Amino acid sequence: MYSIETRSLTKSFGNVIAVNDVSFTVKEGEIFGFLGPNGAGKSTTMMILTTLLKPTSGQALISGFDVMTNAKQVRENIGYVQQESTVDEYLTGRENLLLQAKLNHIPKKEINKRIDDVLELIELADKQDQAVVTYSGGMRKRLDIAGGLLHRPKVLFLDEPTVGLDIQTRRKIWEYIKKIHSEFDMTIFLSTHYMEEADNLCDRVGIIDGGKIRIIDSPANMKNAMGNEVISIVLDEGERISFLSEIKKIESVKKINKDGSKLILFASNGTEVIPKIFQISSKLDVKITSISLTQPTLDDVFISYTGHEIRDDDSGFNRKREHAKMKRLRA
Ligand SMILES: Nc1ncnc2c1ncn2[C@@H]1O[C@H](COP(=O)(O)OP(=O)(O)OP(=O)(O)O)[C@@H](O)[C@H]1O
Ligand SMILES: [Mg+2]
């Protein structure tokens with residue numbers, strides 16, 4: 001039995017198809033990630049899987065329970081850490097967890113022990129009696145995650161667990177996620193728009209864009225399928241079209257992307273390709289400004305499957321904020 005299974009899951013809001021015919025499975029114990037830009041449909045999918053939204057069509061099962069017809073059993077089996085923090089800033093960390101424990105109907109006798117355990121796991125025990133308003137962004141996120149663990153769910157959903165955090169804090173949160181995963185032996189479904197995060201944490205990744213899944217595979221397989229190495233070439237001058245057509249003829253070049261004046265080649269044997277590139281450039285009198293050889297990243301994979309770069313800039317973040325605000329207004 002799969003931990004998570006969706007069959008042609010679809011969700012429309014008016015004319016917007018937020019989730020479009022999405023089918024995938026997640027095995028027990030896996031860390032599975034949705035990687036996609038703002039508006040890709042990550043949160044909508046997660047809200048359906050956690051019974052907070054009804055799909056327009058299709059089916060979703062958690063540990064074999066249907067999210068529509070067995071919502072109660074689904075909720076007992078899952079923890080859900082939302083994209084926006086849900087903790088009360090004016091309560092202390094411990095008080096927030098107490099509230100969460102009561103909402104989750106954890107037996108009274110066990111509450112204190114469970115809270116102690118999660119506080120220790122997430123290393124917040126020494127800050128538990130401070131009001132959350134004094135916490136840093138990373139500490140708040142850790143508290144959010146702790147709240148999702150109290151009832152020891154089999155499947156944990158983390159919606160963009162590190163969005164807006166600086167890179168050091170993000171790395172720390174990754175360590176906590178790995179620790180939780182090994183300690184509780186749970187399935188984790190997370191969403192992210194950070195390549196590095198998907199690469200670092202996930203056994204398998206689904207690239208989602210415009211409500212559709214473009215590919216699902218392990219990060220390593222995705223990168224291998226691109227070719228083993230990436231050669232970036234910046235041309236200064238000369239006849240690019242004939243240069244390109246000559247390069248296409250090199251056998252170990254699997255794929256070529258153009259990014260402005262830069263050519264990105266995916267090749268199975270980069271060190272053999274580079275001298276050939278120089279031969280072609282001197283033959284055609286094309287001047288190369290720079291050339292580099294690297295391993296492919298998930299970034300390259302993303303561009304190749306979606307035709308655009310994932311955006312991770314301020315405008316994206318502000319859009320997200322606006323979007324969250326709109327959702328609250330609509331609600
Ligand atoms: N309640 C809603 N009403 C109308 N449209 C919605 C609603 N919720 C989401 N959408 C739309 O559905 C699409 C998918 O949104 P969703 O929030 O699932 O994306 P996301 O991948 O989580 O993005 P982000 O990275 O910004 O969190 C977007 O076009 C969004 O505007
Ligand atoms: Mg989202």
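Just follow the structure's listing: the first ligand is 1, and inside any ligand the first atom is 1. Because the structure is predicted, anything quoted here is derived from the model rather than measured. Heavy atoms only: backbone and side chains are in, while hydrogens, waters and symmetry mates are out.
Between A18 and ligand 1, not a single N/O pair is under 3.5 Å apart. Here's the thing with F13: none of its N/O atoms is less than 3.5 angstrom from an N/O atom of ligand 1. Not one N or O of V16 is nearer than 3.5 Å to an N or O of ligand 1, by distance alone.
Within ligand 1, counting atoms from 1 as listed, the ones closer than 4.0 Å to a heavy atom of Q83 are 27 (O). The atoms of ligand 1 that sit less than 4.0 Å from any heavy atom of T44 are 9 (C), 14 (C), 15 (O), 16 (P), 18 (O).
With salt bridges taken as basic N to acidic carboxylate O contacts below 4.0 Å, one links D199 and K223. A salt bridge is defined here as a Lys NZ or Arg NE, NH1 or NH2 lying under 4.0 Å from an Asp or Glu carboxylate O, and E30 with R204 meets this definition. Using a 4.0 Å cut-off between charged nitrogen and carboxylate oxygen, E175 and R170 do not count as a salt-bridge pair.
Within the structure, ligand 1 lacks G36 among the residues with a heavy atom less than 4.0 angstrom away. At least one heavy atom of P37 sits under 4.0 Å from some atom of ligand 1.
At a 4.0 Å heavy-atom cut-off, ligand 1 does not touch S191 at all. With a heavy-atom cut-off of 4.0 Å, T45 does not touch ligand 1 at all.
Looking at S252 and N269, their side chains never bring a donor and an acceptor atom within 3.5 Å of each other.
Considering only non-hydrogen atoms, atom 20 (P) of ligand 1 lies nearest to K42 out of M46, E160, K42.
Both tests do not hold together for K172 against Y176: distance to the six-membered ring centre under 6.0 Å, angle to the ring axis within 45°.
The neighbour count for K262 NZ, taken as heavy atoms of other residues, nucleotides or ligands under 6.0 Å away, does not exceed 12.
Contact annotation: Q83 places an N, O or S atom under 2.8 Å from the Mg ion (ligand 2). For residue S43, an N/O/S atom approaches the Mg ion (ligand 2) to within less than 2.8 Å.
Of the possible polar contacts, one joining the R114 side chain to the L150 backbone as a donor-acceptor pair under 3.5 Å is found.
Residues I216 and M222 share a closest heavy-atom pair of C-CE, 4.2 Å.
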